[in-house]
Amino acid sequence: MLADPRIRLANNWLHDVGTGLWAACLLVLWVLRGRFDQSAGAEGPAFIAAMTEVLGLIFWLLVVALVVITITGALRLAYWRAETPPEQMPTKRPALIGKHIAFLIVYGGGTAWAWSLTLVP
């Protein structure tokens, strides 16, 4: 199944779109939260309720994007392992591990920051 180039193309596309969507959600949360903080109280309770709901929905879209990134990344890892010659594994594995540690820090920290942006006082 993973040998089919159409499957790989679709998987890579979903992985890249998920990454862009995650980053876009983080940016939108940051911008909306800044506007919310500037006008909180001035717009009334209906505005606060609507903004709280929007922030929550965008956060959950970010989480869905993160799930897509994780699943498609696991598939990419599977076909990477299948195609990497065994003699290259000792040199490539540390780079792959380092890259994923950096990704965990970025995505973990970014998702935690996104969650904090949804918390309305």
Side-chain angles (χ1 to χ4, degrees):
M1 177 175 121
L2 289 176
D4 186 345
R6 294 171 296 182
I7 299 291
R8 288 184 181 204
L9 182 65
N11 184 70
N12 289 341
W13 183 81
L14 284 171
H15 190 77
D16 294 343
V17 168
T19 301
L21 180 61
W22 181 88
C25 286
L26 191 59
L27 177 64
V28 169
L29 283 169
W30 178 57
V31 169
L32 285 178
R33 182 55 196 244
R35 296 210 173 143
F36 176 79
D37 289 342
Q38 291 172 359
S39 62
E43 302 294 332
F47 170 79
I48 293 171
M51 187 63 83
T52 302
E53 184 177 353
V54 168
L55 290 171
L57 289 172
I58 294 171
F59 174 77
W60 286 110
L61 183 58
L62 178 141
V63 169
V64 168
L66 190 57
V67 169
V68 168
I69 293 165
T70 303
I71 291 169
T72 57
L75 290 173
R76 286 168 61 137
L77 178 61
Y79 58 75
W80 177 82
R81 280 187 180 166
E83 291 180 351
T84 302
E87 63 274 3
Q88 291 181 3
M89 283 295 217
T91 56
K92 289 188 172 186
R93 184 173 282 137
L96 186 68
I97 291 170
K99 177 180 92 165
H100 284 91
I101 289 170
F103 284 160
L104 284 172
I105 292 168
V106 168
Y107 285 113
T111 302
W113 181 44
W115 174 252
S116 75
L117 292 171
T118 67
L119 302 175
V120 178

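Ile58 and Val68 sit in two unconnected hydrophobic clusters of ILVMFWY residues. Membership requires side-chain heavy atoms under 4.5 Å apart, directly or through other members. Hydrophobic clustering places Met51 together with Trp30 (ILVMFWY residues linked when any side-chain heavy atoms are closer than 4.5 Å, directly or through intermediates). Criterion: ILVMFWY side-chain heavy atoms under 4.5 Å apart, direct or through other members. Under it, Trp113 and Leu119 are part of a common hydrophobic cluster. Under a hydrophobic clustering in which Ile, Leu, Val, Met, Phe, Trp and Tyr are joined whenever their side-chain heavy atoms come within less than 4.5 Å, directly or via other members, Leu117 and Phe59 fall into the same cluster. Transitive grouping of hydrophobic side chains (ILVMFWY, heavy atoms separated by less than 4.5 Å) brings Val63 and Trp22 into a common cluster.
Open room surrounds CD on Glu53; 12 or fewer heavy atoms of other groups in view lie less than 6.0 Å from it. With a 6.0 Å radius and a threshold of 12 heavy atoms from other residues, nucleotides or ligands, Trp80 has its CH2 atom above the threshold.
Atoms CG and OG1, on Leu96 and Thr91 in that order, are 11.5 Å from each other to the nearest 0.5 Å. To the nearest 0.5 angstrom, Asn12 atom CG is 4.5 Å from Arg76 atom CZ. Distance check, rounded to the nearest 0.5 Å: NZ of Lys92 to NZ of Lys99 gives 11.0 Å. If you take OG1 on Thr19 and CG on Leu14, they are separated by 10.5 Å, rounding to the nearest 0.5 Å. Interatomic distance, CG of Leu32 versus CG of Leu55, reported as 6.0 Å (0.5 Å rounding). Interatomic distance, Leu66 CG to Ile71 CD1, rounded to the nearest 0.5 Å: 10.0 Å.
Across Leu26 and Ala114, no two heavy atoms sit closer than the pair CD1-CB, 3.6 Å. Between Ala65 and Gly18 the shortest heavy-atom distance is CB-O, 3.6 Å. Minimum interatomic distance between Arg33 and Thr118 (heavy atoms only, all atoms of both residues): NH1-C, 4.2 Å.
With a 4.5 Å cut-off on side-chain heavy atoms, Leu27 and Val31 count as touching. At least one side-chain heavy atom of His15 sits under 4.5 Å from a side-chain heavy atom of Ile69. Put simply, the side chain of Val64 does not reach to within 4.5 Å of the side chain of Trp60, judged on heavy atoms. In this structure, Thr111 and Leu62 have side chains that are in contact, with non-hydrogen atoms separated by less than 4.5 Å. Side-chain atoms of Thr70 and Tyr107, non-hydrogen and from C-beta on, never get closer than 4.5 Å to each other.
Taking the six-membered ring where tryptophan is involved, the planes of Phe36 and Phe47 are essentially parallel, since the angle between them stays under 30° and well short of 60°.
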### Message
For Thr72 and Trp13: C-alpha separation, side-chain torsions, deciding distance, then whether side-chain hydrogen bond (donor to acceptor under 3.5 Å, both in side chains) applies.
### Response
CA-CA 9 Å; Thr72 57; Trp13 183 81; over 6 Å; no

